[in-house]
Amino acid sequence: MRGLGKSFLFLADNSSSTPTWAIVLIVVFAVLIVAGAVLGYFFGYFRLKNKFEKEYGELKTLQDRMVAEATAEGKKIKKEALLEAKEQELKARNEFEKETKEKRAELSKLEQRLNQREDTLGKKEDSLSKREDNLNKKNESVEAQRRDLAAKEAKVKETQEILSHQHELMLEEIEKVSKLTQEEARKLLTEEILDETRRDVAVQVRNIEQQAKDDAEAEAKKIIALAIQRCAGDQASEMTVSVIPIPSDDMKARIIGREGRNIRAIENATGVELIVDDTPEVVVASGFDPVRREIARLSLEKLISDGRIHPARIEETVEKVKKELDVEIKQAGENAMFEVGIYGIHPELIKLLGRLKYRTSYGQNVYKHSIEVAKLAGLMAQELGVDVNLAKRAGLLHDIGKAIDFEHEGTHVQLGADVARKYRENKFVVNAIASHHGDEEPLTIEAELVAAADSISGGRPGARRDTGANYVTRLEKLESIAMEFAGVERSYAIQAGREVRVIVKPEVIDDAQALFLAKDIAKKIESELEYPGQIKVNVIREARVVEIAK
């Protein structure tokens, strides 16, 4: 176009010299060029338009497809979100139902406890009403006795006046007949009256004591029988050895190992002695520490079932068993605490309590014995209206010293009191532990109840067993204690040492002295002899006169 413009300018400048046909030709050529340019423009425009529309259609199609895919993806995400929300809702609902069930269970337990407390309070109310009735009856009886005493005092005054008058007449008569002075007669009469009074006092004391013993014994039997009836526990007898069964005698050689290395490794790791003898299909673990003996038993059972017995495996198994047993010991202590119904015991005392599960005393399991003593003491405390929780706590911990008596010097009573004092137990609990065998004086009724419950649990038939040598020694000591008193002729221990019969010389011991002799023998037995249960002292005074008719 720029060249065409230049041509027109050239023609305009040189129009006089240029022919007409050339000008027309140039004009036509210029028109053609312009028309071509216009046609080219429109052709390019429509081509570009078609191309644009085609690309626009493709882009529209792509856009629709992407929108469709995005819609489908959105629906899918929405569906997954709905599913996840439903899962979360279901999970939350399950958790809510679970928590609701747990809360319902807790509420049910609380309701049961409340019902039990209501029953207990009802029983206590009935008991209190009965006691109130008994007290009213006793008050009425006391008032009647008071009136009788007043009447008797009046009669006694009259009698004293009569006796005084008779006494004066008697003195005058005695002076006349015996030719004794009044002082001598008074002295003689005073001695006779004192002798008679002493006999009367002894008889009265014996009658009063017998009546008190009968009443107290009946009431005590009632309380103890009720406590034993409500608390019945099984007893397990164990010894200081544990017997481990093995599948065959060939296993003994594997337990011993080459040159005894396996058995030495077991003994060094557990601290007990393994006895492998000719007894078929058993191995015996011997030791005074019951926990170590239990570790040895469990470790050997695991090794036998596993089959791999060598020093490295032995050490690994023993360590694993120790950890498992520590957990079981703690759980056993907590179970005992929950079973008795007391809380707030120091964790170390709970562990020591759990160790009692593997401790025995005269064949009686100390763990079960402690639980039984706690229950018995609590039941008797409830009947007497004293502190039930204190009695249960002291009863559960009364033999806690037996968990460490093979590790430290001293009696289990001293060790138990020391460890309870160390972990800040109540002073009354410490006193109950220290006094349940009479080493100290009990400060509370609960301490007396713990001692009584300990005697009941250990003294009932089948609870404990004793060796023959100790049994014979105790009987001989019992008879020798009775023979140490003046006037005793013979003594016999009968009923397995639960009664001693003392035969006295009738010319030396009278009826009044026999009463005091029985008391003295009983006190000496309590102070010098250790025995389960109680011992009855039976003093027999008998005079026989024999004559033969010929």
Engineer: Treating Lys392 as the side-chain partner and Val340 as the backbone partner, does any N or O pair qualify as donor plus acceptor under 3.5 Å?
Structural biologist: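 Checked: pair present.
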
Engineer: Should Thr120 and Gln382 be marked as a side-chain contact (heavy atoms from CB on, under 4.5 Å) after you check the CA-CA gap, both sets of side-chain angles, and the distance that decides it?
Structural biologist: CA-CA 9 Å; Thr120 304; Gln382 183 177 353; 3.2 Å; yes

Engineer: Could you tell me whether Lys130 and Asp133 make a salt bridge, using a distance below 4.0 angstrom between a side-chain N and a carboxylate O?
Structural biologist: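 Between Asp133 and Lys130 there is no salt bridge, as every charged N stays at least 4.0 Å from the carboxylate O atoms.
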
Engineer: Would you check if Asp399 and Val373 make a side-chain contact, meaning some heavy-atom pair closer than 4.5 Å?
Structural biologist: no

Engineer: Quick one: are Ile295 and Tyr358 in side-chain contact, heavy atoms under 4.5 Å?
Structural biologist: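 No, side chains not in contact.
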
Engineer: If we ignore hydrogens and angles and just use 3.5 Å, is the side chain of Arg308 paired with the main-chain N or O of Arg313 as donor and acceptor?
Structural biologist: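 Judged by distance alone, no pair lies under 3.5 Å.
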
Engineer: Quick check on Phe43: does its CZ atom have over 12 non-hydrogen neighbours (other residues, nucleotides or ligands) under 6.0 Å away?
Structural biologist: no

Engineer: Between Val283 and Ile304, is a side-chain contact (heavy atoms from CB on, under 4.5 Å) present by the stated rule, with each step listed?
Structural biologist: CA-CA 11 Å; Val283 174; Ile304 291 171; over 6 Å; no

Engineer: Could you tell me whether Arg393 and Glu425 make a salt bridge, using a distance below 4.0 angstrom between a side-chain N and a carboxylate O?
Structural biologist: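 The answer is yes: the pair qualifies as a salt bridge.
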
Engineer: Should the heavy atoms of other residues, nucleotides or ligands under 6.0 Å from CZ of Arg113 be counted, would the total exceed 12?
Structural biologist: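 No, not enclosed.
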
Engineer: Any non-hydrogen side-chain atom of Arg421 less than 4.5 Å from a side-chain atom of Asp418?
Structural biologist: yes

Engineer: What are the two closest non-hydrogen atoms of Lys330 and Ile350, and how far apart are they?
Structural biologist: O-CG2, 3.8 Å

Engineer: Would you give the length of the straight line joining atom CG of Leu376 to atom NE2 of His369, rounded to the nearest 0.5 angstrom?
Structural biologist: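 It is 9.5 Å, given to the nearest 0.5 Å.
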
Engineer: Given side-chain contact (heavy atoms from CB on, under 4.5 Å), test Lys75 with Thr71 step by step and report yes or no.
Structural biologist: CA-CA 6 Å; Lys75 290 181 180 179; Thr71 304; 3.8 Å; yes

Engineer: Just verifying a value: how many Å separate Thr317 OG1 and Lys302 NZ, rounded to the nearest 0.5 Å?
Structural biologist: 8.0 Å

Engineer: Would you mind checking if Lys101 and Glu97 are paired as a salt bridge, meaning a charged N to carboxylate O distance below 4.0 Å?
Structural biologist: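 No, Glu97 and Lys101 are not salt-bridged.
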
Engineer: Specify the closest pair of heavy atoms between Val429 and Ala394, including all atoms of both residues, with the distance to one decimal.
Structural biologist: CG1-CA, 4.1 Å

Engineer: Considering residues, nucleotides and ligands other than Tyr343, do more than 12 of their heavy atoms fall under 6.0 Å from its OH?
Structural biologist: yes

Engineer: CZ/Phe46 to CD/Glu53 distance, rounded to the nearest 0.5 angstrom?
Structural biologist: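 CD of Glu53 is found 10.0 Å from CZ of Phe46.
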
Engineer: Looking only at non-hydrogen atoms, find the nearest pair between Arg264 and Glu259 and report the distance.
Structural biologist: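 What the structure gives for the nearest pair is NH1-O, 2.8 Å.
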
Engineer: Using a 6.0 Å cut-off, check whether atom CD of Glu409 has over 12 heavy atoms from anything other than its own residue.
Structural biologist: no

Engineer: Taking everything shown except Ile256 itself, do over 12 heavy atoms lie less than 6.0 Å from its CD1?
Structural biologist: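 For Ile256, atom CD1 is crowded (more than 12 foreign heavy atoms under 6.0 Å).
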
Engineer: Within a 6.0 Å radius of atom CD on Glu102, are there more than 12 heavy atoms belonging to other residues, nucleotides or ligands?
Structural biologist: yes

Engineer: How close do Ile314 and Asn262 get, counting heavy atoms only, and between which atoms?
Structural biologist: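 Heavy-atom minimum between the residues: CD1-O, 3.5 Å.
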
Engineer: Output the distance between atom NZ (Lys320) and atom OG (Ser299), rounded to the nearest 0.5 Å.
Structural biologist: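 Rounded to the nearest 0.5 Å, the NZ-OG separation comes out at 11.0 Å.
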
Engineer: Does Arg297 pair with Glu294 as a salt bridge, N-O distance under 4.0 Å?
Structural biologist: yes

Engineer: Flag the pair Leu352 / Arg355 as yes when at least one side-chain heavy-atom distance between them is below 4.5 Å, and no otherwise.
Structural biologist: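 When only atoms from C-beta onward are counted, Arg355 and Leu352 do touch, with a gap below 4.5 Å.
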
Engineer: Using side-chain heavy atoms (C-beta onward) and a distance below 4.5 Å, is Glu339 in contact with Lys375?
Structural biologist: yes

Engineer: Does Lys86 pair with Glu89 as a salt bridge, N-O distance under 4.0 Å?
Structural biologist: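 No, this pair does not count.
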
Engineer: Measure across Ala434 and Val413 and return the closest heavy-atom pair with its distance rounded to 0.1 Å.
Structural biologist: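 Closest approach of Ala434 to Val413: O-CG1, 3.4 Å.
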
Engineer: Any heavy-atom pair between the side chains of Ile456 and Met380 that's under 4.5 Å?
Structural biologist: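 Yes, close enough: below the 4.5 Å cut-off.
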
Engineer: Go through the steps for Leu298 and Glu301 under the test side-chain contact (heavy atoms from CB on, under 4.5 Å), then give the verdict.
Structural biologist: CA-CA 5 Å; Leu298 295 174; Glu301 287 179 354; 4.2 Å; yes

Engineer: I'd like to know if the side chain of Ser127 reaches the main chain of Lys123, judged simply by a donor and an acceptor atom lying under 3.5 Å from each other, with no hydrogens or angles considered.
Structural biologist: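 Between the backbone of Lys123 and the side chain of Ser127 there is no qualifying donor-acceptor contact (under 3.5 Å).
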
Engineer: Out of the candidates Asn389, Leu390, Asn431, only one should pair with Glu446 under the side chain to side chain contact (heavy atoms under 4.5 Å, CB included) rule; please name it.
Structural biologist: Leu390

Engineer: Is any side-chain heavy atom of Ile266 closer than 4.5 Å to a side-chain heavy atom of Val318?
Structural biologist: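 Answer no - side chains too far apart.
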
Engineer: Of all heavy-atom pairs between Leu415 and Gly410, which one has the smallest distance, and what is that distance?
Structural biologist: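 Heavy atoms only, the tightest pair is CD1-O, 3.7 Å.
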
Engineer: State, with a plain yes or no, whether a side-chain heavy atom of Met66 is found less than 4.5 Å away from one of Leu62.
Structural biologist: yes

Engineer: Please report the interatomic distance CZ(Arg292) to CG(Leu325), rounded to the nearest 0.5 Å.
Structural biologist: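 CG of Leu325 is found 13.0 Å from CZ of Arg292.
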
Engineer: To the nearest 0.5 Å, how far apart are CD1 in Ile345 and CG in Leu397?
Structural biologist: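 Rounded to the nearest 0.5 Å, the CD1-CG separation comes to 5.0 Å.
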
Engineer: Less than 6.0 Å separating the ring centroids of His398 and His437?
Structural biologist: no

